[in-house]
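If you're wondering where the values come from, they're calculated on a predicted model, not measured in any experiment. Throughout, protein chains are lettered first and strands after them, A, B, ... in sequence-line order, and every chain is numbered starting at 1.
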Amino acid sequence: MAQELSRTQSRGLTNGEGAQPARSGRVYRPDTDIYEDSDHIVLVIDMPGVASGDVDVTLERRVLTIRGRVHASRPDTYRSIYTEYGEGDFERAFTLSEDIDEGKIEASHKDGVLTLRLPRAERARTRKIEVKAA
Amino acid sequence: MEVEMQIRDLIPWNRSKPEIAQREGGDSPFLSLQRDINRVFDDFWRQFDQTPFGSNGHAGAGFARTDISETDNEVEVSVELPGLDEKDIEVDLTDDVLTIRGQKKEEREEKKRGYYMSERSYGSFHRMIPLPPGVDAGKAEATFKRGVLTVSLPKTAESRAKVRRIDVKTG
């Protein structure tokens, strides 16, 4: 189905290695739900603080990469006094085990949540095979 | 500076920062079970309202992760609430406590054939954030944008007047 390809570190730990550095150098692995229905694989990805225009989704040889860029919401004059998340970019990649009809991927983004609906390619869809009595 | 000290004093688990920031887990069914259990306990504790910083007790496990920053003129509280609508968020303010509660109405579509990964948080949350003295509750403003709630709390003129920068002289 969809398997995690590379692991971006979870929130608040070390700086990203190999990943594109954000302004602050932090790249987080966004919380994700993945489920499937009869003809789609659906990914729901939390990217709070990311504007729709700053979401980048690529699919290349079954590797689906999602990036979200966060712009600093407050000027440097603000001093941080308590941090649970700390602003940073998001990045995550998955390897898809099935063929996807790339031309028909639907993406929507609302309230900091990206939803991707990946339609299975026709030949990859489940087919019912009739068992005949011999 | 004075304000900063006071907020820190009120946040007991500030020292275990790496744990708070943890965003791991959810890949394995055991972890997600653990999270469900945690949530049950969160609900349990909510009745008593004992945790000083809201009932998101297993900090970082749920949503509503919070950052607080300040300038000389205001304190700004930012809360990550992806997937919520501003109508689902309630912000209450008394002189010394900011209460943020809400519910993610988005339904998990259990009827779908299968979840392969489930890391996002669902349900309700409730956080109480103690405020330092000197915040003007009457002038607070809240905005919700791109899944992030920002509450700006201007400091009172009185508390601003107390901020004094001290020159460091060479000896």
Smallest separation among heavy atoms of B:S69 and A:S80, with atom names:
CB-CA, 3.9 Å
For A:D31 and B:R120, work out which heavy atoms get closest and say how close.
O-CG, 3.6 Å
Donor-acceptor contact present, side-chain A:D111 to main-chain B:R146, <3.5 Å:
no
CD of B:E74 to OH of A:Y78: how many Å apart, nearest 0.5 Å?
3.5 Å
Worked verdict on B:Y116 versus A:E36 for side-chain contact (heavy atoms from CB on, under 4.5 Å)
CA-CA 8 Å; B:Y116 288 84; A:E36 63 172 345; 2.6 Å; yes
Are B:M117 and A:F94 side-chain neighbours, meaning at least one heavy-atom pair lies under 4.5 Å?
yes
Could you check whether atom CD of B:E141 has more than 12 heavy atoms from other residues, nucleotides or ligands sitting under 6.0 Å from it?
no
Determine, stepwise, if the pair A:D33 / B:Y122 fulfils side-chain contact (heavy atoms from CB on, under 4.5 Å).
CA-CA 11 Å; A:D33 285 357; B:Y122 293 86; 2.4 Å; yes
Electrostatic pair A:R92-B:E119, nearest N-O below 4.0 angstrom:
yes
Taken to the nearest 0.5 Å, the spacing of A:Y82 OH from B:D67 CG works out to 9.0 Å
Could you walk me through whether B:D85 and A:K110 pass the side-chain contact (heavy atoms from CB on, under 4.5 Å) check?
CA-CA 9 Å; B:D85 192 283; A:K110 191 176 177 274; 4.0 Å; yes
Does B:G83 offer a backbone N or O that forms a donor-acceptor pair with the side chain of A:D46 under 3.5 Å?
no
Side-chain heavy-atom pair B:I68, A:E84 within 4.5 angstrom cut-off:
no
Taking every heavy atom of B:G147 against every heavy atom of A:P48, the minimum-distance pair comes out as O-CB, 3.8 Å
Heavy atoms only: give me the nearest B:T71-A:T77 pair and the separation to one decimal.
CG2-O, 3.7 Å
Counting only heavy atoms closer than 4.5 Å, note whether B:S78 contacts chain A via side chain, backbone, both or neither.
both
Nearest heavy-atom pair of B:V79 and A:Y85: which atoms, and what distance?
N-OH, 4.4 Å
